[in-house]
Amino acid sequence: EVDAQKRPVRLFGIHQDVTERKLAEIALEKSEEKYRNLFTLSPTPMWVYDVDTLHFLDVNEAAIKHYDYPKEEFLAMTLRDIQPLGQNGEVEELTNALQADLAHCHYFTKLVKKSGEVMEVDIKDSVIDLGGRQARLVIATDISERVKYMEAIKEQNVRLREIAWIQSHVVRAPLARMMGLVDLLKDY
């Protein structure tokens with residue numbers, strides 16, 4: 001309150017201890033920073049995309065380095081842009097499945113780098129709430145080398161089967177007949 005000359009005479013107010021609320025805000029900020037660092041500094045490519053539009057909302061450094069897109073270009077793209085030609089139908093199928101409220105998904109697909117190189121990828125995909133908007137967090141592990149290695153093992157197994165067949169039918173059978181004849185000649 002002020003007097004007739006506009007000088008303060010009395011002061012009214014409420015004092016409230018906000019220590020707990022302030023400590024909770026600080027803890028929340030630290031937690032958010034910790035999880036933001038987990039995303040940003042992860043050595044595995046990760047991104048967040050909008051479920052409705054399929055636009056990238058955020059990408060980490062590993063994704064930028066692995067796919068060779070600058071961050072600004074990545075954020076101007078959609079999931080369809082990193083799919084090999086002819087696989088957009090798979091994106092639509094996957095999108096429909098993801099919109100069916102699957103909280104966590106695990107699947108294998110192919111993605112394309114900026115250079116055009118197609119790679120096999122192991123995807124782990126989870127729903128997150130991003131400011132009231134439904135988004136998905138993706139962890140994408142390049143398994144191209146592993147897939148090539150497995151294919152090489154399969155090819156080698158086919159060749160080994162052929163060698164085993166040759167050994168048992170082409171070499172061993174005549175040899176067994178000859179051994180039988182040798183035994184007959186000895187006995188004769």
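By the criterion of side-chain heavy atoms lying less than 4.5 angstrom apart, applied directly or through intervening Ile, Leu, Val, Met, Phe, Trp or Tyr residues, Leu75 is grouped together with Met77 in one hydrophobic cluster. No path of Ile, Leu, Val, Met, Phe, Trp and Tyr side chains, each step under 4.5 Å between heavy atoms, connects Leu111 with Val48, placing them in separate hydrophobic clusters. Under the 4.5 Å side-chain heavy-atom criterion for Ile, Leu, Val, Met, Phe, Trp and Tyr, Ile64 and Val112 are members of distinct hydrophobic clusters. Hydrophobic clustering, with ILVMFWY side chains joined whenever heavy atoms are under 4.5 angstrom apart, groups Leu79 together with Val138. In this structure, Ile139 is not a member of the same hydrophobic cluster as Ile82, with clusters built from ILVMFWY side-chain heavy atoms closer than 4.5 Å.
Within the model, atoms CG of Asp50 and CG of Leu57 stand 5.5 Å from one another, a figure rounded to the nearest 0.5 Å. Leu28 CG to Glu25 CD: the interatomic distance, rounded to the nearest 0.5 Å, is 8.0 Å. Once rounded to the nearest 0.5 Å, the distance linking CG of Asp58 with CG of Leu137 reads 10.0 Å. The distance from the CG atom of Leu54 to the CZ atom of Arg136 is 11.0 Å, given to the nearest 0.5 Å. Rounded to the nearest 0.5 angstrom, Phe39 CZ and Ile128 CD1 are separated by 8.0 Å. Considering CG of Asp125 and OH of Tyr107, their distance stands at 4.5 Å, rounded to 0.5 Å.
Residues Ser42 and Ala62 approach most closely at O-CB, 3.4 Å, considering heavy atoms. Scanning both residues, Ser144 and Met119, for their nearest heavy atoms gives OG-CB, 3.0 Å. What you find for Met46 and Ala63 is that their closest heavy atoms are O-CB, 3.8 Å. The two atoms that bring Lys113 and Asp68 nearest to each other are CD-OD2, 4.3 Å, heavy atoms only. Gln83 and Lys110 make their closest contact through OE1-O, 3.6 Å (heavy atoms, listed as atom of the first residue, atom of the second, distance).
Listed for the Asn37 side chain is no donor-acceptor partner under 3.5 Å among the backbone atoms of Lys34. Distance alone, capped at 3.5 Å, is enough to place a donor-acceptor pair between the Asn60 side chain and the Thr44 backbone.
Atom NZ of Lys65 sits in a sparse spot, with 12 or fewer heavy atoms from other residues, nucleotides or ligands closer than 6.0 Å. Within a 6.0 Å radius of NE2 in His104, no more than 12 heavy atoms belonging to other residues, nucleotides or ligands are found. Residue Glu32 places its CD atom among more than 12 non-hydrogen atoms of other residues, nucleotides or ligands, all under 6.0 Å distant.
Classification of the Phe74-Trp47 ring pair by plane angle, with boundaries at 30° and 60°, yields tilted.
Using a 4.5 Å heavy-atom cutoff, the side chains of Pro43 and His66 are not in contact. Two residues are said to be in side-chain contact when any heavy atoms from C-beta on lie closer than 4.5 Å; Asp52 and Arg133 fail this criterion.
For Asp187, there are no side-chain contact (heavy atoms from CB on, under 4.5 Å) partners at least two apart in sequence or on another chain. Applying the salt bridge (charged side-chain N to carboxylate O under 4.0 Å, His left out) test to Asp122 and every residue at least two apart in sequence or in another chain returns Lys124.
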